[in-house]
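Bear in mind that the values here come from a model prediction, so they are computed numbers and not experimental data. Every number for a ligand or one of its atoms is a count from 1 in the order of the listing.
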Amino acid sequence: MTTQRWNDERADLDEDWRKALQDANLAPLWDVLAALVTPTPQGRMEAAAWSYETVRPLLMKAGELISAARAERRVLILENPATPGESRITDTLYAGLQLILPGEVAPAHRHTQSALRFIMEGSGAFTALDGERIYMEKYDLILTPNWVWHDHGNETNEAMVWLDGLDIPLLKSLDASFAEHRPDRGACPPGRADGDTRERWGRNLRPVRGVAPDRTANPLYTYPFSEWSRTLTAMEASDPPYPHEGYRLEFRNPLDGGAVMSTISAFAQSVPAGFHTAPMRSTDGTIFVVVSGTGTIMIDDREFALSEGTVVVAPSWSTRRILANERLILFSYSDRTVQEKLNLWREELLPAD
Ligand code: 1HN
C-alpha cells in the first residue's frame, strides 16, 4: 500500500506556511477555485425597481439643494441594493436620473465612458455634442459616444429629467478612465448646425466619399420616440408577438448595423395588453425603463409593479417574465454588445409555464 503523502488538513492547518503565503502575496487556488469558475453566473447583483413617484420628489429636492453648475451633473445614482456606494446597477453598467432646471447649464466635459440619455420628463432642453445642440423630447434616446465633448442646457421654463446610462463600472474594471474639462467650465462653443448629425445620418444614407471607410463609431446621436415607437406599432399591426419578448427592436449604428455604442446595446420593446411573456434569461444584466402601460415583471422569484417611469434591473442570468395589463412600451439597455464581441453572450428561452 502506498503511503498517502498529502492530506487536506495539512494544507489547511499549516499556519506558518499560510502566513508565509500571505506575506509573499500568494494564495492557494484550490481554496477559491469553485467560487471563481462557477457552472453558471453566480453574481452578487440583485433585482430591484425604482418607481418614478418615489424618485422624482427626491430629485426635485436636489434641485433646491444644489445647482447643476456646482454639482457638474445633478444626478441621483440608481444603486444596486447589493452594492451600495459602488455607483453600479449591474457589474458593468451605471444608471442615474439627472435634473436640469430652467436657465441652467451643465458644463462641457468629455470622457472615455460612453453614455446614453433616455428622456423621462420635460421638453426642449438640449444636450450639445461637440457644440451641436440636440433638443430633447420625452422618451427620445440620445447618445454620447466616448470622448465626445458634451454639455447640457435648459432654456425652457420647465424642469427636464433624463436617465443616464453609462459603462462606468466596466471602465473602472478595465482601469481605462480619462476625462477632460473645458478650462472655462462653460459650454462648448457652437459646432455643427443644430440637429446636423440627424440630417446626415438618420435617413439610411451615407456619403460615397468623404468618410473614412474604416470608420465605424456611430455618427447618429438621436433616436426620437416619435420614430422608434412607430416601428413597434407597425410590427404589432401585422406580426404575432414573439413568445419570450412580445416585440423587441435593437437601436442600431447605421454604419455597421451593430449596437449603438461599443459598450452598450439599447432596445425598444412592447408587450400587448393581456400578454404574458414566456420566461427567458440572458447573461447581459439589463436595465428596463417603462415608457407607458402597466403590468408586472417577475425576476426569478420576485415581482415588481410596472408603470410609467419605473426603472427595473434584471441581473445576469436571472429569469424574467413580463405581464402586461395595459400595452407596455419599454426601453432597455445592457452590455450585450461587449459580451457578443468576446463570444460570451448566452441566452436561454424557457418553455411557457
Ligand atoms: C456624465 O458625463 C453625465 O454628461 C452624467 O450628463 C452622469 C456619471 C458619471 C460620469 C460621467 C453627463 C455621469 C457622467
Q) Can you tell me the protein heavy atom closest to atom 14 (C) of ligand 1 and the distance? A)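 Answer for atom 14 (C) of ligand 1: L166 CD2, 3.9 Å.
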Q: Considering only non-hydrogen protein atoms, determine which one is nearest to atom 9 (C) of ligand 1 and report residue, atom name and distance to 0.1 Å.
A: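 Nearest protein contact, heavy atoms only, for atom 9 (C) of ligand 1 is I168 CD1, 3.0 Å.
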Is [X] salt-bridged to [Y], cutoff N-O under 4.0 Å?
{"X": "R73", "Y": "D164", "value": "no"}
{"X": "E121", "Y": "R56", "value": "yes"}
{"X": "E86", "Y": "K172", "value": "no"}

Q) Y139 and ring-ring contact (aromatic ring centres under 6.0 Å, His included): which partner among Y223, F225, W162? A)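 Of the listed options, the one satisfying the test is F225.
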**Q.** Closest non-hydrogen atom pair, A324 against P272
**A.**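 So the two residues come closest at CB-O, 3.3 Å.
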Option nearest [atom] (shortest heavy-atom distance, choices [options]):
{"atom": "atom 7 (C) of ligand 1", "options": "D164, D167, L171", "answer": "D164"}
{"atom": "atom 2 (O) of ligand 1", "options": "H109, R117, Q113, R73", "answer": "H109"}
{"atom": "atom 11 (C) of ligand 1", "options": "H152, H150, H111", "answer": "H111"}

**Q.** Those atoms of ligand 1 less than 4.0 Å from some heavy atom in Q98
**A.**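 Selected atoms, number and element: 5 (C), 6 (O), 12 (C).
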